Amino acid sequence: MNHLFALVDCNTFYASCEKIFRPDLDDQPVLVLSNNDGCIISRDRVAKTLNIPELVPFFQVKARVEQLGCHVFSSNYELYGDISARVMAALAPYAAALEVYSIDEAFLQVRAKDYQAHGTAIKDMLWRDVRMPVCVGMAPTKTLAKLANRAAKKIPRLNGVCVLDTPQKWEWLLARIPTKEIWGIGSRLSERLKMLNIHNALQLARAEKKWLRKKFSVVLERTISELNGHPCLDLDLEPAPRKEIVCTRSFSYKITRLDELQQAIASYASRACEKLRMQQGLTQNIWVYLESFDRQVGYFNRQVVKALPHLSNDTRQISQVGQQAIAELYQPGLRYKKCGIGLLDVRTQTYEQVDLFNPQQTERSRALMTVMDNINHRYGKQTVQLAGAGIEPKWSMRREYMSPRYTTRWSDIPVVKC
DNA sequence: TCTGGGGTCCTAGGACCC
DNA sequence: TCTGGGGTCCTAGGACCC
């Protein structure tokens, strides 16, 4: 075998991040909530044994969770992002090539004499150096590596490492995996496959792929090839810049006033524009979204796309257009729960087409944005921001159980008492 | 009172071109 | 009696992922 793909996936990533700086919680149940403290999105190993469900609204289980003595945290993305970067950096020496697939997963291209030993070495290293528990799955294709990883998580005797390097090994596993669990097969597809009498991964692997391509899509055809050990998907080493940058949030309570909605849009526009400038991007089309829910009126959402006069990454300009748009969408008397802004058709500054007859973003505006970003990078987010975004606004999301930003704020650095 | 947020890729169909 | 063929670009919507 020339090389294998390895998928390294952190176990209960958010909950594990919270535990790194709280060794006192080692054997305690830990839960992490989504934005606005809405749902449970991560449960550590101990909480799972208590049968606390994932993806349920927190308020429904709050009483039980407290009774069981769970430690609850609001999501702390600054912390998780930083721990993720540590994990990825630590993995690099163990791979010929590495793809950061998500905040808690990486695909590696690995060559080793003994793959089992290599996987164990990766797992032990991440626990020793970052205090992050992971599982490792290895196989000749990414799709099989995903399934190997799932097996490593679910089958205790594998000790967190699963290598599928022969058809005998992966076919044994495929026969035991429902189609829904395959990477790229969601609930819709798996239902339709069931009607064709395809219930598990082995049945899919042995199905007629050309016919299924016609009936479904090329994606499914690739999945079938990958299940048979024929790689179709390579590592994505240099992720392409984003084509869309979206920022939407629910409010901590229902908003009724336009000026508060405009504050929110200004604040989300700032966030989106920071991301835009980070990838040296420009945008010309702005999407604005507004959602309300009211007992009497019911559910309602509206959206609009607005064009800027020219390509831009200026927070002030984009925020202003966003605020005009939200004013158009606004209807007095409704109670709003969520709004958002998206930057569409994002392109790179390098390829900007200069138009002789139309205005462009000025040098002055570019320079100002750079200064703003530098200050915020150095002294912390929102050191400089638009006045229109409001100062510590009441509507901003609930985060009642927030842990310190141990690794990204000087003021939050943990203190060791001897 | 109360249910997250941010992405990508593919396809079908329409408009338009030569 | 009989009405071409092939291609590109764009958009909306569906499906999927973490």
Side-chain angles (χ1 to χ4, degrees), chain A residues 7-14 31-42 53-63 65 73-77 80-81 84 99-107 142-143 146 149-150 179-193 212-223 232-233 236 239-256 264 268 271-272 274-276 279 281 285 287 289 291 293-295 299 303 305 335-346 394-400:
Chain A
L7 178 67
V8 179
D9 190 323
C10 301
N11 302 346
T12 69
F13 181 62
Y14 296 167
L31 301 176
V32 178
L33 307 180
S34 65
N35 275 348
N36 227 8
D37 294 343
C39 295
I40 296 175
I41 52 169
S42 180
E54 200 172 34
L55 301 173
V56 294
F58 179 56
F59 75 93
Q60 286 179 2
V61 292
K62 191 174 174 191
V65 156
F73 294 92
S74 304
S75 5
N76 183 344
Y77 286 101
Y80 310 152
S84 172
E99 170 188 347
V100 177
Y101 177 66
S102 74
I103 195 164
D104 70 335
E105 282 171 76
F107 281 108
K142 286 171 115 179
T143 305
K146 269 268 188 191
N149 190 288
R150 178 184 176 279
T179 37
K180 171 77 187 67
E181 304 288 325
I182 302 166
W183 189 40
I185 310 246
S187 48
R188 298 296 179 102
L189 254 182
S190 67
E191 283 307 311
R192 290 174 67 190
L193 288 170
L212 284 175
R213 174 187 179 145
K214 271 200 197 127
K215 209 162 164 49
F216 297 92
S217 78
V218 63
V219 183
L220 185 63
E221 186 192 21
R222 284 191 202 125
T223 300
C232 296
L233 306 170
D236 191 2
R242 301 259 167 271
K243 294 171 185 167
E244 291 179 7
I245 296 171
V246 178
C247 183
T248 67
R249 298 253 185 293
S250 303
F251 311 121
S252 56
Y253 61 94
K254 299 284 196 297
I255 286 187
T256 53
Y268 303 166
R271 183 77 200 99
E274 276 169 19
K275 287 190 193 169
L276 177 67
Q279 66 172 46
N285 291 307
W287 167 85
Y289 175 81
E291 185 180 312
F293 186 81
D294 196 290
R295 281 268 153 71
Y299 178 81
Q303 43 195 305
V305 174
R335 302 168 72 240
Y336 296 97
K337 62 176 293 226
K338 180 177 181 179
C339 74
I341 189 164
L343 315 178
L344 311 178
D345 310 314
V346 170
K394 292 195 299 289
W395 46 262
S396 77
M397 68 182 175
R398 240 192 330 263
R399 290 170 128 188
E400 280 177 35

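Not measured: the values here are computed from a predicted model.
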Among [options], which nucleotide sits nearest the side chain of [X]?
X	options	answer
A/E105	C/dC18, B/dG6, B/dG7	C/dC18
A/L55	B/dG5, B/dT11, B/dG4	B/dG4
A/K146	B/dG6, C/dC18, B/dG4	C/dC18
A/R188	B/dG6, C/dC16, B/dC10	C/dC16
A/S250	B/dG4, B/dG6, C/dC16	B/dG4
A/S102	C/dC18, C/dC16, B/dG5	C/dC18
A/R242	C/dC16, B/dG4, B/dT8	B/dT8

With heavy atoms under 4.0 Å as the rule, sort [X] into base, sugar-phosphate or nothing.
X	result
A/V218	sugar-phosphate
A/N35	sugar-phosphate
A/R398	nothing
A/R222	sugar-phosphate
A/Y101	sugar-phosphate
A/K243	sugar-phosphate
A/S187	sugar-phosphate
A/I41	nothing
A/L344	nothing
A/I185	sugar-phosphate

Rounding to a whole Å, what distance do you find between [X]:[atom1] and [N]:[atom2]?
X	N	atom1	atom2	result
A/D37	B/dG5	CG	P	11 Å
A/K275	B/dG6	NZ	C1'	7 Å
A/I245	B/dT8	CD1	C1'	14 Å
A/D345	B/dT8	CG	C1'	15 Å
A/I40	C/dC18	CD1	P	21 Å
A/R150	C/dC18	CZ	P	12 Å
A/R249	B/dG7	CZ	C1'	14 Å
A/I103	C/dC18	CD1	P	14 Å

**Request:** Using a cut-off of strictly less than 4.0 Å, decide whether A/K337 has a side-chain nitrogen or oxygen near OP1 or OP2 of B/dC2.
**Result:** no
**Prompt:** Between A/Y14 and A/Y77, does the ring centre distance come in under 6.0 Å?
**Reply:** yes
**Request:** Name the pairing partner of B/dC18, where a pair is Watson-Crick or G-U wobble with both distances under 3.5 Å, or state none.
**Result:** C/dG5
**Request:** Rounded to whole angstrom, note down the P distance from C/dC18 over to B/dT3.
**Result:** 25 Å
**Message:** I'd like to know if A/E99 and A/K142 make a salt bridge, using a cut-off of under 4.0 Å between side-chain N and carboxylate O.
**Reply:** yes
**Item:** Salt-bridge criterion met for A/E105 and A/K146 (N-O under 4.0 Å)
**Value:** yes
**Item:** Value rounded to 0.5 Å, distance of OG1 in A/T179 from CG in A/L193
**Value:** 5.5 Å
**Polar side chain donor-acceptor pair, A/D37 to A/S74, under 3.5 angstrom** = yes
**Message:** Both A/P241 and A/F216 contact DNA chain B. Which one's nearest nucleotide lies toward the 5' end?
**Reply:** A/P241
**Message:** Check the orientation of A/F107 and A/W183. Use parallel for under 30°, tilted for 30 to 60°, and perpendicular for over 60°.
**Reply:** tilted
**Request:** Kindly assign one of parallel, tilted or perpendicular to the pair A/W395 and A/Y268, based on the angle between their ring planes and the thresholds 30° and 60°.
**Result:** perpendicular
